[in-house]
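These notes concern the structure reproduced below.
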There are 2 protein chains.
Amino acid sequence: MTAPLEMHDDSRLIRLQEILASGAVREASGLLRSLASAEIAHMLESLPPAERELIWNLVDEERDGEILLLVTDEVRHSLIRHMDPDELLAATANLDLDDLADLVQGMPRAITAEVMNALDDQRRKRLEAVLSYPEDTAGGLMNLDTVTVRPEVTLDVVLRYLRRLGDSVPRDTDKLFVVNRDDQYLGILRLSNLVTHDPEETVAEAMSLNMKPIHAQESNTQVARRFETHDMLSAPVVDEAGRLLGRITVDDVIDVIREEGEHQFMGGAGLSEEEDMFAPVWTSTRRRALWLGINLATAFLASWVIGQFESALTQVVALAVLMPIVASMGGIAGSQTLTLAIRGLALGQLSTSNARALLLKEIAVGTLNSLIWAAVVAVIAGVWFSSMEIAILIAVAISINIVSAAIAGSLLPLLLERMGIDPALAGSVLLTTVTDVVGFLAFLGLATLFLL
Amino acid sequence: MTAPLEMHDDSRLIRLQEILASGAVREASGLLRSLASAEIAHMLESLPPAERELIWNLVDEERDGEILLLVTDEVRHSLIRHMDPDELLAATANLDLDDLADLVQGMPRAITAEVMNALDDQRRKRLEAVLSYPEDTAGGLMNLDTVTVRPEVTLDVVLRYLRRLGDSVPRDTDKLFVVNRDDQYLGILRLSNLVTHDPEETVAEAMSLNMKPIHAQESNTQVARRFETHDMLSAPVVDEAGRLLGRITVDDVIDVIREEGEHQFMGGAGLSEEEDMFAPVWTSTRRRALWLGINLATAFLASWVIGQFESALTQVVALAVLMPIVASMGGIAGSQTLTLAIRGLALGQLSTSNARALLLKEIAVGTLNSLIWAAVVAVIAGVWFSSMEIAILIAVAISINIVSAAIAGSLLPLLLERMGIDPALAGSVLLTTVTDVVGFLAFLGLATLFLL
């Protein structure tokens, strides 16, 4: 369904690659100039390192800063690594303070100091204030380009004030912020109200009081949930004293939501949501090695369990042939429960108050499914190895493993979250450990007890 | 990090459950009345069926329609199932046409007909027009509440027009749409421009021409990508003749992005992004059974491969003990590559033009990691079973499997997409099949050739 757009992106990428291969540098620069910064960012992320580097050098220098802000952290680092200090300094020249803050955080210390020195006193102080908030909080997310008005003036005065400001009113402004003499946030004046109300009304009469400000320490996730719940386009950010610091706009929130989704998806494979598809081979190898190592430890644990039943395995070869089925069915059933629970946690829909209800439901679903599939497997395995004992054995082992998987899949995410461990990252490894160990133990253990 | 908000949600949920348990229905109604519709929707999704039903009956009838629009498809169906026709008809009474369209699609046919009959001619025709676009296209996503102006009038006239419209200008309006006499889309007039430009200017002078309209047939995914690339708050939707049909606002786009992320994450476990955490046990069992069945087939395939080497397994028990390690290492390595490729495809960053670069990089990463971990496994296995042959054997088998996994993980998603199969859904099952079969075949096959 997404084919047309991809074809489009793709055809431009192919054309650019062709142009580069033919060495027509000037033509490539022209093509780049016709693209939006976000499109160039997207293209850079799609290119292998050598071509990425080539294209990056062709981008107009005054767009460098803007594009660096749009690529993922990892790609940004790969681009910054090859820039000399002068280029980096130039890239920061045209940026707003809040964008500058985002960019400076990924730069070498020496450059950051130089950037700071190049600013006047007032701007440096404001930049330091923004940098004091962690990146994943409202303070780190906010923009500083608020337009503020006082409650006592009339709408007509506001209109005249805005006309005087002209182009310095940000293009995506949907509301003005009403503050008192001490810069404390009072409410919002929507542009849609400004243009529909009588110009003789005061701001105090036309403003809305029901938008609660966001505190600078609030987490990104909370901010995103608030935007979603109330369908907001922008929202005010305040400090502990209620003073207006800046605003968060919905386009920044979209990035947070996109990253949350990718975090769940990528985390299950031990990858970060910032992962660069074309990271250098060594970087990727090192990162993936860690995950493979952790999983190897759990695999050896499962092997050790199997090793405890060597005599059973040598006496009945069917056990070796069938044991992966027992482990695999538990793993699949468990991953379904785990996935549901992790999403529930991420959306704030699963908590201790309804965990018991989920656990009971998942045990019920697991029990029913284990009855169905234990029967199917029993028939196939029984016929395959002409053995009633094998059939009964595998049926019981699969049932035990699927129900254990439902329990582990429901409880692990909550347990991990309570321990401060990210369930999206650690959940699947731990679940597999449980289903492998329980699966092999149940199947081979029961076989040793009843078959030999 | 998200604890404060969740505690908050949680404490309300617990309080509501306590109130319900104590039978204080009036108090519960009061609590519900104090919540935003989105908050009630969120709460309904977090509740098991019996309590969900109870709460739903306590919600004020005039809010039913709004809340039904906010819950996921599955939860909506569970709520609608218990409503009688009169209640359903009442729920649709206060809705805008586009919201009505969203709701009507999930209702029984008889109700839809009744809803249609209750509308006047003009509204019925417009509703039919909206319903003619599939849900996952721009036409299905759009709202009909556009405010349009003509290019030849002055901004002053526009301001007076808006004041006359008053509250019927939607609250989240950030731009007006400029159309000609035939309702064909010409450009946009941002409210921020309307309030900063000289009132004597004409709309033609103050409007922006560079916002390309979205065609009603465009897919949701394309629309979301466009909003992200250009940081848009709202955008015009037109028909084939360029006539303005409606607008898409960023809050609808956020839902699309959220669902895309969940689709990738849930799809890997064979679940739908609409999955209701508290779906009825039978519904869940039936759905999950299908996925377990598909996976059982691949597990039996792996077992059949193992079964071909019965004599090797009876002669060397170490093979049975170690073989899950070979399969597991391939599975983990492959899932990392697969995850990266599926995300690349979803973001439109992976296509045939750079697939070769990804494949080569993943083979390089896989080769390096297979060298590292094959050595580690070889040492441990060699010592465990005091056998140099076993050590060499497992090292070679693991290397083969990890490199095969890298190839399968890179190519499968592209192949599936070309075949029109959703890689997020089918990718992991197929990959596991490859890594299990290749793993067991390499390990047991090589053992048969060289060890016996």
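With a 4.5 Å cut-off on non-hydrogen atoms, A:E260 touches chain B through its side chain but not through its backbone. Neither the backbone nor the side chain of B:E259 has a heavy atom closer than 4.5 Å to any heavy atom of chain A. Residue A:V158: no heavy atom, backbone or side chain, is found under 4.5 Å from chain B. Residue B:V429 does not touch chain A at all, counting heavy-atom pairs closer than 4.5 Å. Interface remark: A:V281 contributes backbone and side-chain atoms alike to the contact with chain B (heavy atom separation under 4.5 Å). With a threshold of 4.5 angstrom between heavy atoms, A:E362 approaches chain B through side-chain atoms but not through N, CA, C or O. For A:S328, the part sitting under 4.5 Å from any heavy atom of chain B is the side chain, from C-beta outward, and nothing else. For chain B, the nearby part of A:E273 is the backbone; its heavy atoms alone come within less than 4.5 Å. In this structure, the portions of B:L159 lying under 4.5 Å from any heavy atom of chain A include both its backbone and its side chain. Both the backbone and the side chain of A:V195 come within contact range of chain B, with heavy atoms under 4.5 Å apart. A:F440 touches chain B through its side chain: at least one heavy atom from C-beta onward sits under 4.5 Å away, while N, CA, C and O do not. Looking at A:A302, there are no atoms closer than 4.5 Å to chain B (heavy atoms on both sides), in backbone or side chain. Looking at A:E310, the atoms closer than 4.5 Å to chain B (heavy atoms on both sides) sit in the backbone and in the side chain alike. Only the side chain of A:I372 comes within contact range of chain B, with at least one heavy atom under 4.5 Å from a heavy atom of that chain. Proximity to chain B (any heavy atom under 4.5 Å) is shown, for A:M232, by neither the backbone nor the side chain.
Remark: side-chain polar atoms of B:N354 are paired, donor with acceptor, to backbone N or O of A:S46 under 3.5 angstrom. A donor-acceptor contact shorter than 3.5 Å is absent between the side chain of B:R163 and the backbone of A:T196. Side-chain atoms of A:H197 do not come within 3.5 Å of backbone N or O of B:G166 as any donor-acceptor pair. A distance-only check finds no donor-acceptor pair linking the side chain of B:H230 to the backbone of A:A38 [under 3.5 Å]. With hydrogens and angles ignored, the 3.5 Å screen pairs no side-chain donor or acceptor of B:K361 with any backbone N or O of A:S284. A side-chain donor-acceptor contact under 3.5 Å links B:S192 to the backbone of A:R171. Judged purely by atom type and a 3.5 angstrom limit, B:S335 has no side-chain atom pairing as donor or acceptor with the backbone of A:A269.
Taken from CG in B:L191 to CG in A:L194, the straight-line distance is 9.0 Å, to the nearest 0.5 Å. Taking CG of A:N193 as the reference point, atom CG of B:L162 lies at 11.5 Å (rounded to 0.5 Å). Atom CZ of B:F278 and atom CG of A:L350 lie 7.0 Å apart (nearest 0.5 Å). Here the CD1 atom belonging to B:I254 is positioned 8.0 Å from the CZ atom belonging to A:F227, to the nearest 0.5 angstrom. Residue A:M277 holds its CE atom at 12.0 Å from OG1 of B:T337, rounded to the nearest 0.5 Å. Rounded to the nearest 0.5 Å, atoms CG (A:D174) and CZ (B:R190) are 12.5 Å apart.
Between chain B and the residues A:P170, A:S303, A:G261, the largest count of heavy-atom pairs under 4.5 Å involves A:S303. If you tally non-hydrogen atom pairs under 4.5 Å between each of B:T298, B:L233, B:T173 and chain A, the highest count goes to B:L233. When A:A327, A:S37, A:P199, A:A36 are compared by the number of non-hydrogen pairs under 4.5 Å with chain B, A:P199 comes out ahead. Of the listed residues (A:A333, A:A299, A:A289), the greatest number of heavy-atom pairs within a distance under 4.5 Å of chain B belongs to A:A289. Between chain A and the options B:A364, B:G293, B:G307, heavy-atom pairs under 4.5 Å are most frequent for B:G293. Here B:A279 is the residue among B:A41, B:A279, B:G331 with the most heavy-atom pairs under 4.5 Å with chain A. Among A:L358, A:V147, A:L313, the residue with the largest count of heavy-atom pairs under 4.5 Å with chain B is A:L358. Of the listed residues (B:L338, B:L271, B:V169, B:T432), the greatest number of heavy-atom pairs within a distance under 4.5 Å of chain A belongs to B:L271.
The shortest distance between side-chain heavy atoms of A:P324 and B:D436 does not fall below 4.5 Å. Within the 4.5 Å cutoff, no side-chain heavy atoms of A:V321 are placed close to those of B:W304. Side-chain contact between A:V365 and B:W282 is absent, with no heavy atoms from C-beta onward closer than 4.5 Å. At a threshold of 4.5 Å between non-hydrogen side-chain atoms, the residues B:T229 and A:H42 do not count as touching. Looking at heavy atoms from C-beta onward, B:L296 lies in side-chain contact with A:V377 at the 4.5 angstrom threshold.
Across every non-hydrogen atom of A:A320 and B:I306, the tightest pair is O-CG2, 4.1 Å.
For the side chain to side chain contact (heavy atoms under 4.5 Å, CB included) with B:Q336, the qualifying choice from A:R288, A:M266, A:E275, A:R287 is A:R288, the only one to do so.
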Worksheet item: Where do B:Q315 and A:T314 land on the side chain to side chain contact (heavy atoms under 4.5 Å, CB included) test, with the steps shown first?
Response: CA-CA 8 Å; B:Q315 288 174 59; A:T314 34; over 6 Å; no
Fill in: Derivation and outcome, side chain to side chain contact (heavy atoms under 4.5 Å, CB included), residues A:L292 and B:M329
CA-CA 7 Å; A:L292 283 166; B:M329 288 301 272; 4.1 Å; yes
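Between B:E228 and A:R258, at least one side-chain N (NZ, or NE/NH1/NH2) sits under 4.0 Å from a carboxylate O, which counts as a salt bridge.
Contacts of A:T249 classified as side chain to side chain contact (heavy atoms under 4.5 Å, CB included), with partners at least two apart in sequence or in another chain: A:N143, A:D172, A:S234, A:R247, A:D251, A:D252.
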